Amino acid sequence: MNHDFSKLPDIIEKHPKSPQSLIAVLQDIQKEYHYLPCEALKLTAEALDLPLSKVFSVSTFYNAFSLDPRGEKVIRICTGTTCHIRGAKQIEHQLETQLNIKSGETTEDMKFTLEVVNCVGACAMAPVVIVNDEYFGSVKLTDTRKLLKGGNNAN
Amino acid sequence: MVIEPRGTLYPRVKVKDVEKIIESSIVNDEPEKTLLYSPNGNSSSVEKYKNIPFYAKQQRIALRNLGMIDQYRIEDYIATGGYQGLAKALTDMTPETIVDEVKQSGLRGRGGAGFSAGRKWATCASAEETPHYVICNGDEGDPGAFMDRSIMEGDPHSVLEGMIICARAVNSHEGYIYVREEYPLAIMNLQLAIEQATSYGLLGDNILGTGFSFTLKVSKGGGAFVCGESSALMRSVGGDVGEPRAKYVRSVLKGLHDKPTVLNNVESFANIPPIIVNGGKWFASIGTEKSTGTKAFSLVGKVRNTGLIEVPMGTTLREIIYDIGGGIQDDRPFKAVQTGGPSGGCLPKEKLDLPVDFDSLTEADSMMGSGGMIVMDDQTCVVDLAKYFLKFLVEESCGKCTPCREGLYQLHSLVDKMSDGRAVESDLVLAENLSKSIMIGSLCGLGKSGPNPFISTLKYFREEYIAHIRDKKCPAKVCPSLISYEIIEGPCDGCMACAPACAVKAITGEKGKLHVIDQNICDRCGACKAICTRQAIEIH
Ligand SMILES: Cc1cc2nc3c(=O)[nH]c(=O)nc-3n(C[C@H](O)[C@H](O)[C@H](O)COP(=O)(O)O)c2cc1C
Ligand code: FES
């Protein structure tokens, strides 16, 4: 993947040059590119004067960071307890079969990434699926195709 | 819709009702009788929301402002008495008397462990090393809980005010609110609240002209459950990986950057302003002797009324689930209620009259936790639930200590075997022994309480485990390996809806004729049952 890395210095500059900023810097990079490109990790390590191993360790520890590029549409299925007992597992299974990938993976055409999250705090409308930043509640097994197509007409 | 000051409640208001409501409630100050709430649709309607069972049993302290004020306007918060506690603490009280008031209130931490807030503050206040830090734990990692999210989003100033009062009491000048990144709106609203409070002179340098200074920053979490644990959280605020350390080093003395630190939960802080304004005695008069005040819960799952509630400590589970929650959806039988998240446990119907407070729940092998309350009916399988929590913990274990990293992994494999119909009875004994070792040997609370969901379901639902192991049956019809879907003749009219819905193409049949599921292909996902409008698909 080719990326325009010219924005990186600006992103890093915005934070105080201290080890305490590491997570915040990585969060901003993740937000811009939807994953952490290898070049970005190296630049961050240099800028904050940290060993690369440290930057790598933090970026693999937290669920929020991804080291692989992600698809255009990121579908996140809440698998919190409430969503679980209301059928999130079946919805996950259905989406996995329809997209022919496992959760955590991205389709080959880079269109979809399937992920699971632990409770997004919207349990009263469980089960919840989030497509990019749009929340869908009380999702039914029969809604999955709609979610993949436009997302907009489900619920 | 609620019309104050009468407190008239109109449920399910439609656009066409608005005119009538304005005419009656606002112009004539009379309720519009035809639109009031009537329980079970009978004639006797209830006007005031306070008299409806859902509200009547509740008492709101931490959630006092939710839905009542505009969370984006500090003026609204101040108009309802906000920042009076801070003014009193800064002008009429000394740090010592603030700590005493909080001690007297008996407030115990709302984040799970239930440690006395007053004692924690006192220890930090008297610590010699400086600087002192104040941190608010807004990580809310327990799946199924969203009280803290609602407070941070809907009443952020109450958290700020509680924290500033705490800072004054323990002489701290720098604080952080740690919020999980899954809560973007909470982060935004807190940041806005911090800006507003700063511009009003309630935060920053020389607060209210008293010479006391305190600054606050929001620190975003990275989506790791273990970061809710105190020592892990402090490392994460410091920009590091969130690995906990051994408990004998107390974070109140060696916390953030190894300096004395008070860490309290969002709801704990939200309780502080009313305690300062009304006095610790007032707070202690609510609830039970050892668990004072109220507790917020997110009541979810298979219960009729889902949502946030707040009740005095000591309210029974039955009152919460039946009076406030309105009972089980579709009138199915109640099976269990899960409290305390992944570290908690399940309580069966024999425990419905248990008063909800810190100690009663712990005695019953569950936990208060942060306040998620997930109600389950007969269609929930406890073996599947235990497996679910163990998988969660296996993924969230930070991996630093072996009993937790390896132990939970093995425990999950054992329970997985049970749910899969591959287990033998001795596996149960093995799992019980393993649980004990994990609980004794783990470094932090995650591992120490990790086997709880298994232990408590086994204690109350042993026969269900036996059914999975000995009879290879899942009584709740959930565990995929132990069930099969079948289309029954009669209801099935060959409408052709199910076959295309089956992702693995296990269903065959012609239009207008009975369809058949090939059991060798079927992966038991349940899609056919979900789409069938004729109830023609049964689980065996
Ligand atoms: C694995 C683990 C996860 C935790 N998660 C949270 C959490 O999400 N929110 C919280 O307030 N406390 C959490 N706690 C409890 C905190 O360690 C700590 O006791 C609490 O924040 C202290 O505040 P309190 O005394 O006001 O409850 C967790 C503890 C453990 C062991
Ligand atoms: S469990 Fe899915 S939103 Fe809480």
Side-chain angles (χ1 to χ4, degrees), chain A residues 15 18-28 30-31 48 50 54-55 57-65 76 78-100 116-126 130 133 140-145, chain B residues 140-146 148-150 153 180-184 186 219-225 227 236-243 257 298-302 306-308 338 341-342 372 374 376-377 379-380 384-385 388-389 392 395-396 398 480 501 503-504 523 525-527 529-531:
Chain A
H15 298 271
S18 112
Q20 197 173 337
S21 307
L22 178 56
I23 294 176
V25 170
L26 294 179
Q27 278 167 337
D28 283 356
Q30 169 88 28
K31 197 164 171 200
L48 300 181
L50 285 167
K54 175 96 196 186
V55 179
S57 130
V58 168
S59 47
T60 51
F61 183 83
Y62 293 100
N63 296 338
F65 302 131
R76 296 189 292 160
C78 174
T79 52
T81 323
T82 318
C83 291
H84 176 79
I85 68 168
R86 283 179 166 273
K89 191 84 181 247
Q90 282 96 314
I91 292 172
E92 182 188 350
H93 182 83
Q94 187 80 352
L95 284 166
E96 283 182 338
T97 326
Q98 277 164 7
L99 291 174
N100 200 14
V116 293
V117 280
N118 295 324
C119 189
V120 291
C123 327
M125 43 189 242
I130 305 155
D133 285 322
K140 292 192 272 316
L141 261 180
T142 43
D143 292 338
T144 51
R145 283 189 204 276
Chain B
E140 195 159 59
D142 286 5
F146 54 97
D148 294 349
R149 192 204 84 191
S150 308
E153 284 178 6
R180 59 201 295 247
E181 58 117 36
E182 287 90 337
Y183 289 176
S219 180
K220 254 200 307 180
F225 172 70
C227 286
S236 184
V237 172
D240 209 336
V241 294
E243 282 176 358
H257 308 312
S298 55
L299 185 62
V300 289
K302 307 278 181 81
T306 54
L308 270 195
Q338 210 281 341
I374 302 160
M376 291 171 280
D377 63 8
Q379 291 174 314
T380 314
D384 174 70
L385 191 77
Y388 162 80
F389 278 121
F392 175 91
E395 277 164 17
E396 294 299 332
C398 76
V504 292
D523 61 359
C525 72
K529 191 170 162 55
I531 207 163

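Please read all numbers here as calculations on a predicted model, not as lab measurements. We name chains A, B, ... by the order of the sequence lines, and we start the count at 1 in each one.
In this structure, Thr60(A) and Val241(B) have side chains that are not in contact, with every pair of non-hydrogen atoms separated by 4.5 Å or more. Annotation: side chain of Ser236(B) is in contact with side chain of Tyr62(A) (closest heavy-atom distance under 4.5 Å). Using a 4.5 Å heavy-atom threshold, the side chains of Gln379(B) and Ile85(A) count as separate. Counting only heavy atoms from C-beta outward, the side chains of Val237(B) and Gln20(A) approach each other to under 4.5 Å. Phe389(B) places a side-chain heavy atom less than 4.5 Å from the side chain of Thr81(A).
Annotation: side-chain contact (heavy atoms from CB on, under 4.5 Å) contacts of Ala145(B) (sequence neighbours excluded): Glu140(B), Asp142(B), Met147(B), Ser298(B), Ser370(B). Here Glu182(B) pairs with Arg180(B) under the side-chain contact (heavy atoms from CB on, under 4.5 Å) rule; sequence neighbours left out.
There is no contact between Asp377(B) and chain A, counting heavy-atom distances below 4.5 Å. For chain B, the nearby part of Gln94(A) is the side chain; its heavy atoms alone come within less than 4.5 Å. Looking at Phe225(B), neither its backbone nor its side chain comes within 4.5 Å of chain A, counting heavy atoms on both sides. Looking at Glu396(B), only its side chain comes within 4.5 Å of chain A, counting heavy atoms on both sides. Only the backbone of Ala501(B) has a heavy atom closer than 4.5 Å to any heavy atom of chain A. Interface remark: Ile374(B) contributes side-chain atoms only to the contact with chain A (heavy atom separation under 4.5 Å).
A donor-acceptor pair shorter than 3.5 Å cannot be found between the side chains of Asn118(A) and Glu395(B).
Note: Val300(B) leads Val300(B), Thr306(B), Thr380(B), Asp148(B) in heavy-atom pairs under 4.5 Å with chain A. Chain A forms the most heavy-atom pairs under 4.5 Å with one residue out of Ala503(B), Cys227(B), Gly238(B), and that residue is Gly238(B). By number of non-hydrogen pairs under 4.5 angstrom with chain A, the leading residue of Glu181(B), Lys529(B), Lys220(B) is Lys220(B).
Pairing each heavy atom of Arg149(B) with each of Val120(A), the nearest pair is NH1-O, 4.0 Å. Taking every heavy atom of both residues into account, Cys119(A) and Gly144(B) meet most closely at SG-N, 3.2 Å. Taking all atoms of both residues into account, the shortest heavy-atom contact from Cys398(B) to Phe61(A) is CB-CE1, 3.8 Å. Considering all non-hydrogen atoms of both residues, His93(A) and Cys525(B) come closest at CD2-CB, 3.3 Å. Contact detail for Tyr388(B) and Gly80(A): the closest heavy-atom pair is OH-C, 2.9 Å.
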